[in-house]
Amino acid sequence: MKIKKAIIPAAGLGTRVLPVSKSMPKEMLPIVDKPAIQYIVEETVKAGITDILIITNRGKGLIEDHFDHSVELEAVLKSRGRSDTLSELHRLANLANIYYLRQKETRGLGDAVLRAKEFIGGEPFAVLYGDDVIIGDTPAIGELCEAYEKYGKSVVGIKEVSDELIVKYSSMKISPLSEKVFSITDMIEKPSLDKKFSNYSILGRCVLDNEIFGILEHTPLGVGGELQLTDGMKEIALKSGMIGVDFSGTRYDMGNKFGIIKANIEVGLTHPETKDALKEYIKKLAETL
Ligand code: UTP
């Protein structure tokens, strides 16, 4: 079955990147000249999904304004003959059918996904975490959708991470199906090292069967007193198995300070307007370190 709808949860408190996230969502943090969430919406659209629900809370206006027309700005650009920038803004305002829903209490990623039940209806759907940007030639969520279509099971995007990170993320019990595709039969959220299954962790993308909503409705609150999406997915993994796809792009965690800096340096080194100057700057700076 083709995946037609996506959810982007963007209602977290972003406590790891305070104070910047105090009055603006971390999903609006820039990577060079675009906010994180724009990369994510563009990835979704590239994968052929055009109905997107963004789960928001505070700072909702900023995200809505970003994907809307700005009549005043467009008039100024037109009068100044800036047709390239103008058409870029038009493209941005017409990227996809974007809907918004407020998560009234920050009760965890699982709760944010559960809010989307009515929007999704009876179909499988994609979830792209709003602070995980993945940059690559092929859209990561497209790779997951292909796996869903092939295996007919819920799919998560996975990558191997260090021991230091696995205790902060989730750990998958996996066996290989092909070079980049795995079967997942169990998982654990934020495991201690003696409880980890493997160093493969879910990183920011999944395609879920509709049954997740029924499961989340009876899943007890987990780590941090929040409704954990991983706890709901674990039930699917135990019952019918899931698929893990080691996606091909590079993932940047915009929910942590070092991730934000890395994203800006690496994307800055490929951006036509910044790459040459940034390369020179980094070389000079490195001599002083
Ligand atoms: P995180 O766990 O990284 O978000 O959730 P957080 O709670 O903002 O992080 P810290 O630990 O306080 O820094 C992953 C994604 O899920 C969204 C976040 O906005 C982020 O994009 N999320 C999280 C929600 O939409 N609602 C929630 O209740 C929690």
Side-chain angles (χ1 to χ4, degrees), residues 6-31 35-41 43-44 52-64 66-67 98-117 119-120 125-134 140-141 156-159 161 165-171 187-191 201-206 208 212-213 216-217 219-233 251-263:
I7 309 172
I8 303 178
L13 296 176
T15 56
R16 285 167 298 149
V17 290
L18 280 168
V20 72
S21 51
K22 186 180 173 205
S23 59
M24 95 176 202
K26 60 181 165 177
E27 292 78 8
M28 284 300 289
L29 288 171
I31 304 179
I37 198 162
Q38 185 179 337
Y39 289 89
I40 297 170
V41 168
E43 176 193 331
T44 314
I52 301 170
L53 178 70
I54 301 180
I55 312 286
T56 61
N57 62 1
R58 85 269 177 253
K60 172 187 155 105
L62 276 188
I63 299 179
E64 285 197 2
H66 187 70
F67 293 105
I98 303 182
Y99 306 86
Y100 301 90
L101 188 73
R102 241 175 142 104
Q103 184 188 19
K104 290 186 184 139
E105 280 176 80
T106 316
R107 295 184 60 230
L109 182 56
D111 179 74
V113 168
L114 188 51
R115 300 297 112 222
K117 185 179 170 188
F119 171 81
I120 295 298
F125 59 98
V127 183
L128 299 93
Y129 303 6
D131 57 351
D132 267 323
V133 171
I134 300 176
I141 198 65
V156 285
I158 57 172
K159 284 263 175 222
V161 302
L165 288 180
I166 202 84
V167 295
K168 296 182 190 160
Y169 295 171
S170 55
S171 168
M187 62 181 70
I188 179 168
E189 177 72 14
K190 298 187 174 57
S201 186
I202 300 175
L203 293 185
R205 301 285 180 272
C206 43
L208 296 174
I212 191 74
F213 295 122
L216 287 172
E217 276 164 352
T219 301
L221 301 182
V223 176
E226 295 192 333
L227 184 54
Q228 297 288 347
L229 183 59
T230 321
D231 290 343
M233 292 197 281
R251 174 247 184 190
Y252 299 102
D253 180 2
M254 296 298 284
N256 99 49
K257 291 174 190 174
F258 191 57
I260 298 167
I261 296 169
K262 254 172 52 182

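Both ligands and their constituent atoms are indexed starting at 1 by order of listing.
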Gln228 vs Met233, side-chain contact (heavy atoms from CB on, under 4.5 Å): CA-CA, chis, key distance, verdict: CA-CA 9 Å; Gln228 297 288 347; Met233 292 197 281; over 6 Å; no
CA sep, side-chain torsions, deciding dist, call: Lys190, Lys168, side-chain contact (heavy atoms from CB on, under 4.5 Å): CA-CA 5 Å; Lys190 298 187 174 57; Lys168 296 182 190 160; 5.5 Å; no
From CA spacing to verdict: side-chain contact (heavy atoms from CB on, under 4.5 Å), Tyr252, Phe258: CA-CA 9 Å; Tyr252 299 102; Phe258 191 57; over 6 Å; no
From CA spacing to verdict: side-chain contact (heavy atoms from CB on, under 4.5 Å), Tyr129, Leu109: CA-CA 9 Å; Tyr129 303 6; Leu109 182 56; 3.5 Å; yes
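Protein residues with any heavy atom under 4.0 Å from ligand 1: Pro9, Ala10, Ala11, Gly12, Leu13, Gly14, Thr15, Arg16, Lys26, Glu27, Gln103, Thr106, Arg107, Gly108, Leu109, Ala112, Gly130, Asp131.
Look at Asp132 and Arg205 and you find no salt bridge, because none of the NZ, NE, NH1 or NH2 atoms lies under 4.0 Å from a carboxylate O.
Contact between Ala263 and Ile31 at its shortest, heavy atoms only, is O-CG2, 3.5 Å.
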